[in-house]
Structures are given as structure tokens and as C-alpha cells.
Amino acid sequence: MAAAFSTSSAAAAIKNVTVVGGGLMGAGIVQVAAQSGYKVTMVDVSPDSLDKGRKIISSSLARVAKKKHADDQAAQKAFVDKVFDNIATSTDAAAAAASADLVIEAIVENLATKQKLFAALDTAAPAHTIFASNTSSLPIGDIASATKRGDRFGGLHFFNPVPQMKLVEIIRTKDTSDSTFAALTDFTKALSKSPVSCKDTPGFIVNRLLVPYMLEAVRLVERGEATKEDVDLAMKLGAGYPMGPFELMDYVGLDTVKFITDGWYEGGVGLKGEKLVEPSETINELVKNKALGRKSGKGFYDYSK
Ligand SMILES: C[C@H](O)CC(=O)SCCNC(=O)CCNC(=O)[C@H](O)C(C)(C)COP(=O)(O)OP(=O)(O)OC[C@H]1O[C@@H](n2cnc3c(N)ncnc32)[C@H](O)[C@@H]1OP(=O)(O)O
Ligand SMILES: NC(=O)c1ccc[n+]([C@@H]2O[C@H](COP(=O)([O-])OP(=O)(O)OC[C@H]3O[C@@H](n4cnc5c(N)ncnc54)[C@H](O)[C@@H]3O)[C@@H](O)[C@H]2O)c1
């Protein structure tokens with residue numbers, strides 16, 4: 001039981017990591033954990049999805065390898081091979097969780113789907129295994145309520161692109177034990193990321209500020225006050241953001257932005273019915289047309305050329 005091991009042994013006990021969901025975020029988490037020496041199993045629903053995850057990792061690792069070993073192709077290949085040696089893949093989440101010390105979930109942003117997954121993993125994983133969700137917006141306590149290991153459950157919120165973004169928000173619920181929190185903090189540091197901690201509150205720190213900002217950018221354009229191109233340029237050159245809000249929404253995925261907004265507007269604690277997070281017809285229409293942003297080749301902008 002987590003309560004039985006000390007801070008340092010809890011952290012040291014994490015050797016095998018299972019990441020469920022090998023999309024934009026899951027693949028990134030698999031990559032940075034494998035790069036840091038953990039044995040990682042990437043789980044997704046089908047061999048095709050796992051292939052997509054492997055491709056995300058390959059192209060990201062190629063960039064990292066080029067940076068590490070500029071003119072040495074053999075060293076680049078050796079680096080990439082070494083990281084892939086630490087990565088296994090599976091379509092069987094329960095089997096993967098059975099040998100994991102830490103399970104990180106990065107599947108679709110839907111409470112019932114996440115609860116169903118964790119309920120199944122709870123019976124399959126050993127007692128010591130820590131569970132973490134990478135949810136952008138759902139209460140960690142609600143997800144954890146599907147399990148009997150609330151003390152060994154926390155939020156581990158990474159940012160996109162995972163290999164590049166240094167921040168991880170660590171969320172503790174009222175039940176998360178000190179040793180679980182310490183293990184998640186030490187794991188984050190072992191990935192060379194900088195942790196911040198936050199209570200289990202909608203959007204944690206970053207998304208609570210970022211999502212209303214992105215929605216207001218959409219409303220500004222809907223009101224005809226400026227073009228999306230000018231809004232993006234303005235926020236890059238006038239506020240020093242690396243991407244404008246429309247570029248960033250396309251980067252995050254418009255389906256994810258919609259899941260977050262809908263969830264909060266329909267029932268997020270303290271945000272229900274708030275104008276600040278009112279769903280956007282423009283985003284709804286784009287998602288309906290499968291224009292999900294970069295990952296589908298089109299969103300606010302066209303990436304197909
Ligand atoms: C909604 C969720 O819950 C929460 C979120 O995730 S919100 C989204 C948070 N993310 C952001 O805000 C991202 C904002 N954008 C950025 O920071 C930058 O535009 C960016 C890092 C994505 C790309 O940077 P940019 O300078 O435009 O491109 P580029 O020159 O290709 O890359 C910059 C560096 O990042 C590296 N990089 C970018 N993407 C990478 C990836 N997927 N894998 C590895 N390295 C990557 C590049 O190799 C390069 O490294 P270098 O400077 O050491 O040579
Ligand atoms: N996109 C972002 O910028 C971002 C940033 C931080 C956190 N998040 C959160 O991370 C999670 C994943 O987001 P994403 O952008 O990687 O989504 P994505 O759509 O790119 O990937 C989700 C992956 O999960 C797989 N999946 C779905 N249900 C599954 C199941 N039951 N078992 C196994 N695999 C399953 C899908 O096949 C897909 O490959 C969401 O909770 C999202 O809110 C997203």
C-alpha cells in the first residue's frame with residue numbers, strides 16, 4: 001500500500017510506467033519517460049493507433065537526436081534506438097497495468113470513458129501502483145472515484161508538445177496521500193520537468209487562464225473586430241506568446257478545446273453557465289466538420305499543403 005512506503009522509496013519504486021492513450025499527449029509522455037530511462041508501455045485501442053503514436057515519437061525523437069548529435073548520423077540512430085528499446089506497445093490496458101508502478105492516462109477528455117478505464121485498471125493493477133490522469137479539465141477526484149485507490153491517485157498534467165514544454169501540473173485531491181504526491185513530484189523531476197502543484201479545481205492553473213483567453217479570441221473575431229490572422233500576430237508580437245490563440249487552438253486540437261468548454265459550461269464546479277466559458281458556435285461547426293486542427297490537417301488554418 002502507498003501509505004506504507006516512505007517518500008523516497010515511493011519514488012524509487014517507479015520503474016515501469018504504462019501510458020494509456022498514444023495520441024498527441026500520450027505519445028509525448030511515453031517519449032520523455034523512455035528518454036529518461038523508464039520502461040514504458042504505450043497502450044491504445046488498435047494497432048493502427050499505436051502506429052500513429054510510434055510515428056509521433058519517431059519524428060519528435062529525430063529532432064532531439066539531431067540537436068544532440070548534429071553531424072553524427074550513427075549517434076543519432078543509436079540514441080533513437082536506445083529510447084525505443086525502453087518502449088513496448090499493447091492494446092490490452094489491463095495486462096499492461098498489471099506490471100506497472102505508475103499508470104498515466106491520456107485518452108479522450110470524457111469523464112465516463114476515463115472512469116470506465118480506471119475501474120478496469122483498478123482490479124488489474126497491483127496495490128502499490130499509482131494512477132494519474134493527464135486530463136485538461138475534469139476533476140481528478142471524479143475520475144479517481146471509479147477506483148478504490150484514491151490515496152494513490154493524482155493529476156499529472158503535461159503540456160503540448162510534451163518533449164518541449166517544461167511544466168507539469170501535479171494535482172492532489174483531498175485523498176491523494178503525501179507519498180503519492182512525493183512520488184509524482186520526483187517522477188516529474190526525473191523527466192527534467194518543472195512541477196507546480198494545484199488543488200483539484202477546474203482547469204488547474206494554466207487552462208483556467210488559457211481557455212477563457214482562447215474563447216475570447218474567437219468571440220472577438222466572431223464580432224468582426226479583427227481577423228484571426230491579426231489576432232495571432234498581435235498576441236505574438238504584442239504579448240510575446242510563441243503562438244497566437246488560433247494557432248494554439250489548432251495545436252491543442254479543437255475537439256479537446258470543445259470537450260473542455262462543454263464540460264465546464266454544462267457543470268464544471270463554479271463555471272456552470274458562465275459566459276466566460278460559453279461554447280463557441282465557430283468551434284462546434286469546425287469540430288462537426290472534422291476540422292480538428294493540425295492533427296486532422298485543417299482547423300482554423302489549413303495544414304494540408
Ligand atoms: C490544453 C492542454 O490541457 C494544455 C496545453 O498543452 S496548452 C498548450 C501549451 N503549449 C503551448 O502553449 C505551445 C506554444 N508554442 C510553443 O511553445 C512553440 O511554438 C513550439 C515549442 C510548439 C514550437 O516552437 P517554434 O520555435 O515555433 O518551432 P521550432 O523552431 O520548430 O521548435 C522550437 C524548439 O522546440 C523543439 N520542438 C518543437 N516541437 C517538438 C517536438 N514535438 N518534439 C521535440 N522537440 C520539439 C524544436 O526542436 C526546437 O528546439 P531548439 O530551439 O532547441 O532548436
Ligand atoms: N492536446 C493537448 O494539448 C492536451 C494537453 C494536455 C492534456 N491533454 C489531455 O490529454 C488527453 C489526451 O489528449 P490528446 O490531445 O492526446 O488526444 P488525442 O485524440 O490525440 O489522443 C487520444 C488517444 O487515446 C486513445 N484512446 C481513446 N480511448 C481509449 C481507451 N479507452 N483506451 C486506450 N486508448 C484510448 C485514442 O485512440 C487516441 O490515440 C485528454 O484528456 C486531453 O484533455 C491534451
Side-chain angles (χ1 to χ4, degrees), residues 18-32 35 41-68 70 83 89-94 96-97 103-121 132-138 140 143 155-169 171 202-211 213-214 232 235-236 240-245 247-261 263 292-296:
T18 286
V19 178
V20 188
L24 276 182
M25 295 305 292
I29 298 166
V30 168
Q31 179 191 327
V32 294
Q35 251 178 267
T41 304
M42 175 167 69
V43 178
D44 211 302
V45 290
S46 66
D48 268 4
S49 310
L50 287 170
D51 264 357
K52 278 190 197 151
R54 264 191 296 262
K55 282 192 185 115
I56 295 173
I57 297 172
S58 282
S59 67
S60 176
L61 274 181
R63 300 171 78 150
V64 180
K66 253 192 201 146
K67 232 183 296 171
K68 267 184 180 291
V83 177
T89 56
S90 172
T91 53
D92 186 341
V103 175
I104 305 172
E105 167 274 314
I107 67 168
V108 62
E109 187 74 346
N110 177 282
L111 179 60
T113 312
K114 287 186 194 286
Q115 284 176 327
K116 188 171 166 215
L117 172 73
F118 275 118
L121 298 185
S133 173
N134 182 53
T135 179
S136 299
S137 64
L138 299 166
I140 300 296
I143 305 173
L156 215 45
H157 187 217
F158 289 82
F159 292 82
N160 183 23
V162 179
Q164 187 64 15
M165 303 301 281
K166 289 285 173 217
L167 184 71
V168 176
E169 292 175 324
I171 319 305
F204 318 128
I205 300 171
V206 172
N207 284 342
R208 184 62 178 258
L209 300 174
L210 198 57
V211 173
Y213 151 75
M214 295 192 295
D232 278 346
M235 293 313 291
K236 284 189 284 191
Y241 286 24
M243 288 177 170
E247 292 168 325
L248 186 57
M249 282 184 275
D250 275 356
Y251 200 69
V252 164
L254 297 179
D255 50 345
T256 297
V257 175
K258 179 173 161 53
F259 287 134
I260 296 171
T261 313
L292 305 181
R294 281 195 191 215
K295 66 181 169 187
S296 68

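Just so you know, these numbers use all the heavy atoms, side chains as well, and skip hydrogens, waters and symmetry mates. All ligand and atom numbering here is 1-based and tracks the order in the structure.
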For Phe158, all residues meeting ring-ring contact (aromatic ring centres under 6.0 Å, His included), sequence neighbours excluded: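 Partners of Phe158 under the ring-ring contact (aromatic ring centres under 6.0 Å, His included) test: none.
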Per-atom contacts of ligand 2 with [X], taking only distances under 4.0 Å to non-hydrogen atoms:
X: Val20; value: 32 (N), 33 (C)
X: Val45; value: 29 (C), 30 (C), 32 (N), 33 (C), 34 (N), 35 (C), 37 (O)
X: Lys114; value: 40 (C), 41 (O)
X: His157; value: 6 (C), 7 (C)
X: Gly23; value: 16 (O), 20 (O), 21 (O), 23 (C), 39 (O)

Leu50 and Met42: CA distance, side-chain angles, deciding distance, side chain to side chain contact (heavy atoms under 4.5 Å, CB included) verdict: CA-CA 8 Å; Leu50 287 170; Met42 175 167 69; 4.1 Å; yes
Ionic contact status for Asp255 with Lys295, cut-off 4.0 Å: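 The answer is yes: the pair qualifies as a salt bridge.
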Hey, which atoms in ligand 1 end up nearer than 4.0 Å to a heavy atom of [X]?
X: Val252; value: 1 (C), 7 (S), 8 (C)
X: Asn207; value: 1 (C), 2 (C), 3 (O), 4 (C)
X: Met243; value: 14 (C), 15 (N), 19 (O), 22 (C)
X: Phe159; value: 4 (C), 5 (C), 6 (O)
X: Pro242; value: 14 (C), 15 (N), 16 (C), 17 (O), 18 (C), 19 (O)
X: Asn160; value: 6 (O), 8 (C), 9 (C), 10 (N), 11 (C), 13 (C)
X: Pro161; value: 22 (C), 39 (N), 42 (N)
X: Pro163; value: 43 (N), 44 (C)

Do the side chain of [X] and the main chain of [Y] share a donor and acceptor less than 3.5 angstrom apart?
X: Lys52; Y: Gly23; result: no
X: Glu109; Y: Ser137; result: yes
X: Asn110; Y: Thr113; result: yes
X: Ser60; Y: Ile56; result: no
X: Ser58; Y: Arg54; result: yes
X: Glu247; Y: Gly244; result: yes
X: Asp44; Y: Gly22; result: yes

Option set Ile107, Asn207, Asn160, criterion heavy-atom distance to atom 24 (O) of ligand 2, minimum: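 The residue whose heavy atom sits nearest atom 24 (O) of ligand 2 is Ile107.
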Option nearest atom 32 (O) of ligand 1 (shortest heavy-atom distance, choices Lys67, Gln164, Arg63):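 Closest candidate by heavy-atom distance is Arg63.
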Quick one: does [X]'s side chain get under 4.5 Å of [Y]'s, heavy atoms only?
X: Lys166; Y: Phe159; result: no
X: Val45; Y: Thr91; result: no
X: His157; Y: Val168; result: no

Specify the protein heavy atom at minimum distance from [atom]: its residue, its atom name, and the distance to 0.1 Å.
atom: atom 12 (O) of ligand 1; result: Leu248 CD1, 3.5 Å
atom: atom 22 (C) of ligand 2; result: Ala106 O, 3.8 Å
atom: atom 1 (N) of ligand 2; result: Val252 O, 2.8 Å
atom: atom 25 (C) of ligand 2; result: Asp44 OD1, 3.2 Å
atom: atom 10 (O) of ligand 2; result: Asn134 ND2, 3.0 Å
atom: atom 17 (O) of ligand 2; result: Lys295 NZ, 4.3 Å
atom: atom 7 (S) of ligand 1; result: Leu210 CD2, 3.6 Å
atom: atom 8 (N) of ligand 2; result: Ser136 OG, 3.1 Å
atom: atom 13 (O) of ligand 2; result: Met25 CG, 4.0 Å
atom: atom 41 (O) of ligand 2; result: Glu109 OE1, 2.5 Å
atom: atom 43 (N) of ligand 1; result: Ser60 OG, 2.6 Å

Could any protein non-hydrogen atom be found less than 4.0 Å from [atom]?
atom: atom 23 (C) of ligand 1; result: no
atom: atom 52 (O) of ligand 1; result: no
atom: atom 20 (C) of ligand 1; result: no
atom: atom 26 (O) of ligand 1; result: no

Minimum-distance pair of heavy atoms, taken over all atoms of Ile57 and Val30: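 So the minimum-distance heavy-atom pair works out to CD1-CG1, 3.7 Å.
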Ala106 to Ile29 - nearest heavy-atom pair and separation: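 So the two residues come closest at CB-CD1, 4.4 Å.
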Record the part of [X] in heavy-atom contact with ligand 2 below 4.0 Å; permitted values are side chain, backbone, both and neither.
X: Thr256; answer: side chain
X: Phe158; answer: backbone
X: Lys116; answer: neither

[X] near ligand 1, heavy-atom distance under 4.0 Å?
X: Val206; result: no
X: Tyr251; result: yes
X: Met25; result: no
X: Thr256; result: no

Of all the heavy atoms in [X], does at least one lie under 4.0 Å from an atom in ligand 2?
X: Leu117; value: no
X: Phe159; value: no
X: Lys52; value: no

Residue pair Asp92, Val43: steps toward the side chain to side chain contact (heavy atoms under 4.5 Å, CB included) verdict: CA-CA 7 Å; Asp92 186 341; Val43 178; over 6 Å; no
Lys68 atom NZ, over 12 foreign heavy atoms within 6.0 Å: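 At most 12 heavy atoms, drawn from other residues, nucleotides or ligands, come within 6.0 Å of this atom.
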N/O separation below 3.5 Å, Leu24 to ligand 2: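 Leu24 vs ligand 2: N/O contact under 3.5 Å present.
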Donor-acceptor pair between Ser133 and Glu105 side chains, under 3.5 angstrom: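 A donor-acceptor contact under 3.5 Å links the two side chains.
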